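Report on one structure; see the data block that follows.
None of these values were measured; they are calculated from a predicted model. So that the names make sense, note that chain A is the first sequence line, chain B the second, and so on, each numbered from 1.
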2 protein chains.
Amino acid sequence: MSNPDPLPDSSNFALGRLRALLEDNPFDKEQRLPSERVLAAQIGIGRRALRRALEVLEAEGRIWRHQGKGTFLGPRPPEAHADLEELSKRTNPLEVMDVRLEIEPALARLAALRASNGDIERLLHLANKTASMSDADGRELWDSALHRAIAEVAGNSLLLAIFDMVDRIRQDATWRLLRERARSGARQQAYVDQHRRVIAAIAQREAHAAEQAMREHLELVRDGLLKVMTSPLPDGKDSEAAISANTEDQCLHGT
Amino acid sequence: MSNPDPLPDSSNFALGRLRALLEDNPFDKEQRLPSERVLAAQIGIGRRALRRALEVLEAEGRIWRHQGKGTFLGPRPPEAHADLEELSKRTNPLEVMDVRLEIEPALARLAALRASNGDIERLLHLANKTASMSDADGRELWDSALHRAIAEVAGNSLLLAIFDMVDRIRQDATWRLLRERARSGARQQAYVDQHRRVIAAIAQREAHAAEQAMREHLELVRDGLLKVMTSPLPDGKDSEAAISANTEDQCLHGT
DNA sequence: CACTGAACCAGTTGCAAATTGGTTCGGCTT
DNA sequence: AAGCCGAACCAATTTGCAACTGGTTCAGTG
């Protein structure tokens with residue numbers, strides 16, 4: 001790969017012209033080349049011939065192209081897969097719960113170390129709000145706000161960003177029915193008690209207790225989720241289909 | 001705070017009307033209220049008076065507003081700061097290390113449970129590559145590849161995405177000098193040994209040992225980072241300025 | 001003094017137009 | 001027949017603009 005000109009250009013006039021242009025570097029700082037139509041006209045060849053030359057240069061790694069964006073100098077930059085929707089399709093509720101079980105106990109521990117009295121008041125307020133909701137949507141909403149408030153109190157902006165990322169995936173519409181079934185019924189009171197226990201530990205600055213209480217809470221949530229996913233559905237098969245569709249393609253790691 | 005109506009509405013006609021509207025909930029499912037101009041006309045008051053009432057409701061947490069979007073019922077949803085550059089400015093190397101200490105031991109544990117023989121071969125190969133590098137850049141590159149390979153083997157696509165997110169922030173140009181100093185010198189051999197220990201635990205499927213070995217490794221890395229950040233710099237003050245600039249504004253949580 | 005109405009600023013959304021690379025096809029030159 | 005060109009499409013992306021939104025100021029009014 002140290003050879004700057006690995007392919008013979010004898011049969012290709014356009015390649016020579018292009019290589020000359022690349023060395024002159026008459027383009028803007030952003031390393032962007034003119035569009036194919038303009039470039040073809042400048043060189044004086046057809047677009048198809050130009051594209052064949054560009055294919056060679058791309059294979060050599062000297063340029064990279066993307067539909068709708070343009071053609072650029074240098075190696076292809078890594079894909080920033082901050083894309084939320086794509087990630088939602090590739091993961092599944094069980095993975096999300098595993099991640100929450102890693103992240104949120106740590107957040108509770110940190111929160112216990114840094115919470116001010118005002119923070120604790122706010123957490124209690126949110127816990128009461130969650131408990132007072134009668135419909136599933138309301139519970140979901142305020143529960144999410146409570147967990148995020150704990151993440152805020154923890155005081156690590158990067159962990160907070162990670163929590164938000166997970167939370168946004170968790171609220172994906174695909175798993176809506178699943179979540180409603182998982183947190184319906186008798187577990188609700190247990191959740192309320194566990195919330196209070198977590199906040200009490202934070203209020204008394206007992207870091208380890210807060211971490212453990214949050215872990216127990218999330219384990220119960222996960223158990224509820226598992227029960228819903230494994231048991232047959234009495235009515236409505238949409239959520240079933242959604243789950244299986246998501247769990248199917250869970251084993252595709254990047255190269 | 002269990003009081004649903006904490007403030008007296010006697011001096012404010014609009015507040016009463018608004019609270020009544022909120023309970024009727026005649027709005028669309030997205031919990032979105034009409035625009036201020038429309039709402040003011042409906043109630044029959046001016047926009048300024050309406051806004052004062054909305055301020056109260058927002059302070060109570062019943063609604064939230066955002067310029068250009070609208071006014072909504074329920075608690076304020078988390079900001080979607082998927083912006084990588086902005087996040088890089090708001091966090092700092094210590095936060096990143098704290099997060100790595102939460103994430104990567106868990107990844108090592110999961111990797112120990114799921115690694116195939118091929119995976120282990122690949123990890124060993126990367127560890128040898130890392131150890132064989134003579135320059136700091138090369139070590140950095142292969143070390144990063146090794147840690148990511150462990151994250152891949154763990155088999156949780158969401159955790160992998162989080163790892164990538166942290167890794168991209170970690171490689172931010174701002175902290176480049178800092179990282180080079182942190183991993184220079186005598187620690188290098190210790191890092192190599194720790195890598196081998198982590199991989200050995202993964203190879204023998206000892207999940208807890210793998211988690212602990214990774215934790216010890218990252219704690220050593222963090223200690224090196226701390227030593228570099230607290231000690232005065234013998235030459236070059238750019239990194240010093242960058243660090244202090246980043247650690248200054250680390251304490252700004254949303255309301 | 002509190003309130004109104006109007007105007008303006010700033011952030012957000014939605015959509016159509018323009019531009020880009022990717023592809024196919026017919027016709028032309030060699 | 002092979003190679004090339006021009007034109008026309010397709011699909012992804014960017015750009016620009018109009019129409020909202022809340023945030024703010026200001027003169028006028030009771």
Side-chain angles (χ1 to χ4, degrees), chain A residues 8-18 21-22 27-28 30-77 79-86, chain B residues 8-18 21-22 27-28 30-59 62-74 76-83 86 254-255:
Chain A
D9 295 357
S10 58
S11 65
N12 200 329
F13 165 70
L15 249 180
R17 291 293 301 269
L18 268 184
L21 274 182
L22 259 60
F27 313 110
D28 45 340
E30 286 150 316
Q31 309 279 103
R32 181 177 181 172
L33 274 65
S35 75
E36 290 184 354
R37 291 165 178 84
V38 171
L39 205 51
Q42 281 184 2
I43 300 182
I45 59 177
R47 202 172 147 225
R48 185 174 177 79
L50 171 66
R51 281 183 57 73
R52 256 201 294 276
L54 289 177
E55 283 169 13
V56 175
L57 293 177
E58 186 176 30
E60 291 176 9
R62 306 173 92 96
I63 64 171
W64 64 278
R65 302 178 284 174
H66 189 62
Q67 186 176 170
K69 285 183 178 176
T71 306
F72 303 84
L73 298 181
R76 179 182 302 272
E79 291 183 24
H81 67 67
D83 192 351
L84 215 56
E85 291 186 14
E86 186 181 339
Chain B
D9 296 356
S10 58
S11 65
N12 200 329
F13 165 68
L15 249 181
R17 290 291 303 269
L18 268 184
L21 274 182
L22 260 59
F27 313 110
D28 45 339
E30 286 152 314
Q31 309 280 103
R32 180 177 183 174
L33 274 65
S35 75
E36 291 185 353
R37 291 163 178 84
V38 172
L39 204 52
Q42 281 183 2
I43 301 182
I45 59 175
R47 203 174 148 221
R48 187 175 176 79
L50 171 66
R51 282 183 56 74
R52 257 201 294 277
L54 289 176
E55 284 169 13
V56 175
L57 294 176
E58 186 177 29
R62 305 172 93 93
I63 65 170
W64 63 277
R65 302 178 285 175
H66 189 74
Q67 187 176 171
K69 285 183 179 176
T71 305
F72 304 83
L73 298 181
R76 178 183 301 273
E79 293 180 23
H81 50 63
D83 193 352
E86 188 180 339
T255 58

Any N/O pairs under 3.5 Å between the protein and nucleotides 1-3 of chain D? List them or say none.
none

Identify each atom pair where a protein N or O and an N or O of nucleotides 16-18 of chain C are less than 3.5 Å apart, giving names and distance.
none

Atom pair [atom1]/[atom2] of [X] and [Y] - distance to nearest 0.5 Å:
X: B:E55; Y: B:I63; atom1: CD; atom2: CD1; value: 9.5 Å
X: B:R32; Y: B:F72; atom1: CZ; atom2: CZ; value: 5.0 Å
X: B:L54; Y: B:L33; atom1: CG; atom2: CG; value: 7.5 Å

Exercise. Residues two or more places apart in sequence or in another chain: which of them pass side chain to side chain donor-acceptor pair (under 3.5 Å) with A:Q67?
Worked result: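 Once residues adjacent in sequence are excluded, A:Q67 has no partner under the side chain to side chain donor-acceptor pair (under 3.5 Å) criterion.
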Problem set entry | Pairing residues for A:E58 by the side chain to side chain donor-acceptor pair (under 3.5 Å) criterion, not counting sequence neighbours |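 Checked A:E58 against side chain to side chain donor-acceptor pair (under 3.5 Å); matches are A:R65, A:R76.
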Atom [atom1] of [X] and atom [atom2] of [N]: how far apart are they, to the nearest Å?
X: A:L50; N: D:dG6; atom1: CG; atom2: P; answer: 12 Å
X: A:W64; N: C:dG21; atom1: CH2; atom2: P; answer: 11 Å
X: A:I63; N: C:dT20; atom1: CD1; atom2: P; answer: 15 Å

For this session: Using a 4.0 Å heavy-atom cut-off, write out nucleotides 18-25 of chain D from 5' to 3' as B (base contacted by protein), S (sugar-phosphate only) or - (no contact).
Result: ---BBBBB
Exercise. Is there a side-chain contact between A:E36 and A:L39, using heavy atoms and a 4.5 Å cut-off?
Worked result: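 Counting from C-beta outward, A:E36 and A:L39 never come under 4.5 Å.
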For this session: Heavy atoms only: give me the nearest A:A40-A:L50 pair and the separation to one decimal.
Result: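 A:A40 and A:L50 have their closest heavy atoms at N-CD2, 3.6 Å.
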Problem set entry | Which atom of B:P77 lies closest to which atom of B:W64, heavy atoms considered |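 Residues B:P77 and B:W64, closest heavy atoms: CD-CE2, 3.1 Å.
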For this session: Under the side-chain contact (heavy atoms from CB on, under 4.5 Å) rule, collect the residues that match up with A:R37, sequence neighbours excluded.
Result: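 In terms of side-chain contact (heavy atoms from CB on, under 4.5 Å), with neighbours along the sequence ignored, A:R37 is linked to A:S35, A:R47.
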